[in-house]
Amino acid sequence: MTQGDLLAALRDDVVAAAPMLLGAILVRGPMRCKIVEVEAYRSDDPACHAYQRRTPRTEVMYGPPGIAYVYFNYGVHWMLNVVAHPPGDAAAILIRAAQPLEGLESMRANRGVFKERDLLSGPGKLAKAYGITGEDTGTNLMDISQDGLHLLAPGSPIANVVTGARIGIAEGKWHDVPWRFVDGDAIGWVSRR
DNA sequence: ACATCGATCTACT
DNA sequence: GTAGATCGATGTA
């Protein structure tokens, strides 16, 4: 899969593109990790921040695909999302967990914890390990020519994709939508089992 | 202006 | 397994 393939998928359909992010490499400075857990959010779904309202916070979600949308939650945590769908149609993919590959010492320094399994096993943890904040909103994650935060498309799709209900969504119709995608061969690195 | 609510994490039992 | 922390964005007035 090329960068172009992944970008095209992001523009086309957020639910189809989300599992294609599994196995992608998130790069920043010396740090590299393999994405193992993601969730899709679409504008017709109440759990989506861009549901029925366009606000300053979510403005970037209405732009082109492949751009970073970072928001602050619970007064404590930053969350990294990849914008999907064409301009005017808001959608995003939350990066929830990843397996550390390189630059573990930088991640440990940023996180203040040592255990490898605890470095990136949750959306807030991942953002903290990578030093991701609201200032990273707007970064073009698919542009590998820029030196900062970016994504490398996986060589080939993940063989064993496990789907399920998204985490932290209230019970109801939209809770049951299977828009959480996990790399079934990397279960040990996800946020919850 | 002010009250409410989280796409969570950590520490502690 | 679960309570508590913590604060920006949003909704209502």
Side-chain angles (χ1 to χ4, degrees), chain A residues 10 13-22 24 26 33 35-63 65 67-85 89-100 107-139 141 149 151 161-183 188-193:
Chain A
L10 286 168
D13 180 353
V14 67
V15 176
M20 295 175 69
L21 278 180
L22 297 175
L26 184 65
C33 67
I35 293 171
V36 300
E37 180 183 359
V38 299
E39 286 175 0
Y41 288 85
R42 211 167 64 182
S43 59
D44 59 339
D45 138 36
C48 180
H49 289 169
Y51 180 66
Q52 78 184 358
R53 207 173 313 280
R54 188 161 175 160
T55 69
R57 177 176 65 152
T58 58
E59 189 58 33
V60 67
M61 290 178 76
Y62 291 86
I67 305 299
Y69 163 51
V70 184
Y71 77 95
F72 196 57
N73 197 18
Y74 290 102
V76 186
H77 305 292
W78 293 100
M79 310 272 167
L80 173 63
N81 297 256
V82 183
V83 171
H85 289 183
D89 183 5
I93 300 170
L94 172 67
I95 309 298
R96 287 191 57 88
Q99 175 182 353
M107 298 177 193
R108 289 189 171 111
N110 290 338
R111 284 276 288 117
V113 302
F114 180 83
K115 275 186 61 185
E116 203 170 331
R117 297 261 162 169
D118 293 338
L119 290 177
L120 306 173
S121 55
K125 299 177 185 179
L126 185 146
K128 188 165 186 197
Y130 266 67
I132 291 168
T133 69
E135 297 194 356
D136 294 298
T137 290
T139 303
L141 297 171
L149 187 68
L151 275 171
V161 177
V162 177
T163 63
R166 293 170 296 175
I167 305 294
I169 307 300
E171 293 293 329
K173 173 182 166 187
W174 290 98
H175 171 82
D176 301 325
V177 172
W179 287 355
R180 176 179 184 236
F181 302 91
V182 171
D183 178 350
W189 302 100
V190 306
S191 61
R192 303 194 203 178
R193 302 294 292 271

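The chains referred to below are lettered A, B, ... by the order of the sequence lines, with proteins before strands, and numbering in each begins at 1.
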Contact under 4.0 Å: [X] side-chain N or O vs [N] OP1/OP2:
X	N	value
A/T55	C/dT10	yes
A/R53	C/dA9	no
A/R42	B/dA7	no
A/R96	B/dT8	yes
A/R57	C/dT10	yes

Sugar-phosphate, base or nothing in reach of [X], heavy atoms under 4.0 Å:
X	value
A/L94	base
A/R180	nothing
A/K125	sugar-phosphate

How long is the line joining [atom1] of [X] and [atom2] of [N], in whole Å?
X	N	atom1	atom2	value
A/N73	C/dG8	CG	C1'	10 Å
A/E37	B/dA7	CD	C1'	11 Å
A/I132	B/dC9	CD1	P	13 Å
A/L119	B/dT10	CG	C1'	15 Å
A/R117	B/dC9	CZ	C1'	19 Å
A/E135	C/dG8	CD	C1'	15 Å
A/Y69	B/dA7	OH	P	10 Å
A/Y41	B/dG6	OH	P	12 Å

Out of A/V182, A/I167, A/N81, which one pairs with A/E39 under the side chain to side chain contact (heavy atoms under 4.5 Å, CB included) rule? A/I167
Exactly one of A/L141, A/V83, A/V82, A/I67 clears side chain to side chain contact (heavy atoms under 4.5 Å, CB included) with A/L10, and that residue is A/V82
Of the nucleotides [options], which one has an atom closest to the side chain of [X]?
X	options	value
A/P123	B/dT10, B/dC9, C/dT6	B/dC9
A/Y74	C/dT10, B/dT8, B/dA7	B/dT8
A/R192	B/dA7, B/dT8, C/dG11	B/dT8
A/F72	B/dT8, C/dT10, C/dG8	C/dG8

Does any donor-acceptor pair link the side chain of A/H49 with the base of B/dA7 at a separation under 3.5 Å? yes
Between A/D176 and A/R166, is the salt bridge (charged side-chain N to carboxylate O under 4.0 Å, His left out) condition met? List the steps. CA-CA 8 Å; A/D176 301 325; A/R166 293 170 296 175; over 6 Å; no
Describe, in one word, how the ring planes of A/H49 and A/Y71 are oriented to each other, choosing from parallel (under 30°), tilted (30 to 60°) and perpendicular (over 60°). perpendicular
Closest non-hydrogen atoms of A/A170 and A/H175, given as atom of the first, atom of the second and distance, are O-CB, 3.1 Å
If we call it a pair only when both distances are under 3.5 Å in a Watson-Crick or G-U wobble match, what pairs with B/dA1? C/dT12
Which nucleotide, if any, forms a Watson-Crick or G-U wobble pair with C/dT6, using both distances under 3.5 Å? none
Would you confirm whether A/D183, through its side chain, and A/V36, through its main-chain N or O, come within 3.5 Å as a donor-acceptor pair? no
